[in-house]
Structures are given as C-alpha cells and as structure tokens.
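Below you'll find the structure, written out as structure tokens, and then a few comments.
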2 protein chains.
Amino acid sequence: MNFLKLKKMSSKLPLPPYYAVIFTSKLKKKSLAYEEMAHKMLKLAQKQKGFLGMESAREEIGITVSYWKDLESIKNWKENTAHQLAQKLGKNEWYAAYRVRIAKVERDYEFF
Amino acid sequence: MNFLKLKKMSSKLPLPPYYAVIFTSKLKKKSLAYEEMAHKMLKLAQKQKGFLGMESAREEIGITVSYWKDLESIKNWKENTAHQLAQKLGKNEWYAAYRVRIAKVERDYEFF
C-alpha cells in the first residue's frame, strides 16, 4: 500500500468560490497502520458528495488540503461514521498534534 | 542551509477570520539554489506587514500555506520586488507547475 502514489496536484477543480480544509499534523511516529488508514480515508472522501480533490505532503509536518463544494459537504464528511472512527484513532494513536482550518477559496491562478 | 529546519506548525495565529495562501507546486528537480531561495523568501515574508505564519512540506508535490492578516498584505507580498524576482526564477527555472489559491480562513480548531 503506497499512499504516496496518490499524492498529486488536484486539477480540474471548479472556479472559485469553493472550500478548502487545511489539515496540518505532527505524527507521533509513522506507521503502516496510519498509512493504510490515510489511504482508506482518501478513497472514502473521494466518494463523498461535494468532494473536489485532495493534496498532501509530509516532512516534519504533514499538510493535507481537501477541497469541497460547500460547508455542508465538509460537515457531512466530518460526521461520516468511518471517518469519525479514523479521527478517534488519529487522536488516540497517531497524532501528536493537529490543526484544522476551514477556508473559502476566493481566487486561484496557476502556471503549467 | 537547511530549509526543513524551519518547517514546523505555525502557532499563535489570531482567531479567524484571516487569510491563507495555498501554494502547491511540482519542481522540475530539487536544487540547492531553489532551497536557498525558498529559505530567503521565508525570512523575507516573516518581515512583511500582516504576515502571520507559514507551513510547508514536500513529497511528490510541495504544499506551502502562508497565513496573512488580510488581502492587502497578500497583495503587497506578491508585489514585493525581491519576491517578484523569486517568482520569475521559479517560473523560468524551478517549477514544472504551480497553483496559488487565496482563501479566507473562517474557522479553525486544534488538538494538542
């Protein structure tokens, strides 16, 4: 299972406005169980209504930015039963610290 | 010069609302010149009016999220002369692709 393979730049997002969830975290330590859960959550998030994309990288800290159509979609994802279990495991087992920021993307521009 | 040493979770940000600039990028290849410029730009950004913090990680893609008091601060930083030069070098030399998203942080919560 290689979660890294799925980490690429999201493209084909709609024009703003849409929402970003900026999730920054420090792991107690890397583990296969964590990697597997992260992969599982990505696959599950992709099936949610209003999911637009996800980008992720980890060095000293991990940054995962997921993109959503609206606040309702974010709320539904937060309350998803399997995701709730993952969040609980995250708090209890894997994360030394994390922060979640919910932000409205107002503008974007790119260079390719 | 180790840019990684400076990559840690921003703390002590003010309560929302404030702004986030989500910068995602793919490098053509890693280089010392790029690392040095990234370090220099972080140091310079920290001196700008309205700068609140910066978080960064890179694997397949790089994600740098910088936090700012308001849109005016972001505009001033974008137009900063030294930063303009770095942006030009970035486009010409280092980045295969990048995307910039400007987002208003409406809510945050944390676990420590």
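In what follows, chains carry the letters A, B, and so on, assigned in the order in which the sequence lines appear, proteins first and then strands, with residues in each chain numbered from 1.
When each of Ile102(B), Asp108(B), Val105(B) is scored by its heavy-atom pairs under 4.5 Å with chain A, the top score falls to Ile102(B).
If you take CD on Glu110(B) and CZ on Arg101(A), they are separated by 8.5 Å, rounding to the nearest 0.5 Å. Atom OG1 of Thr24(A) sits about 4.5 Å away from atom CD of Glu55(B), to the nearest 0.5 Å.
The shortest heavy-atom contact between Ala103(B) and Ala103(A) is CB-CB, 3.7 Å. Across all their heavy atoms, Phe111(A) and Tyr95(B) have their closest contact at CE2-O, 3.7 Å.
Applying the 6.0 Å contact sphere to NZ of Lys91(A) captures no more than 12 heavy atoms from other residues, nucleotides or ligands. Taking a 6.0 Å sphere around NZ of Lys49(B), one finds it holds 12 or fewer heavy atoms contributed by other residues, nucleotides or ligands.
Interface remark: Ala20(A) contributes side-chain atoms only to the contact with chain B (heavy atom separation under 4.5 Å). Proximity to chain B involves both the backbone and the side chain of Ile63(A), based on heavy atoms less than 4.5 angstrom apart.
With contacts defined as side-chain heavy-atom distances shorter than 4.5 Å, the pair Arg99(A)/Leu13(B) does not qualify. Counting heavy atoms from C-beta outward, Ile74(A) and Arg107(B) have side chains that stay 4.5 Å or more apart.
Residues Tyr109(B) and Leu71(A) share a hydrophobic cluster, clusters being chains of Ile/Leu/Val/Met/Phe/Trp/Tyr side chains in contact below 4.5 Å. Put simply, Trp77(B) and Leu85(B) are part of two different groups of oily side chains (I, L, V, M, F, W, Y) that touch within less than 4.5 Å, one to the next.
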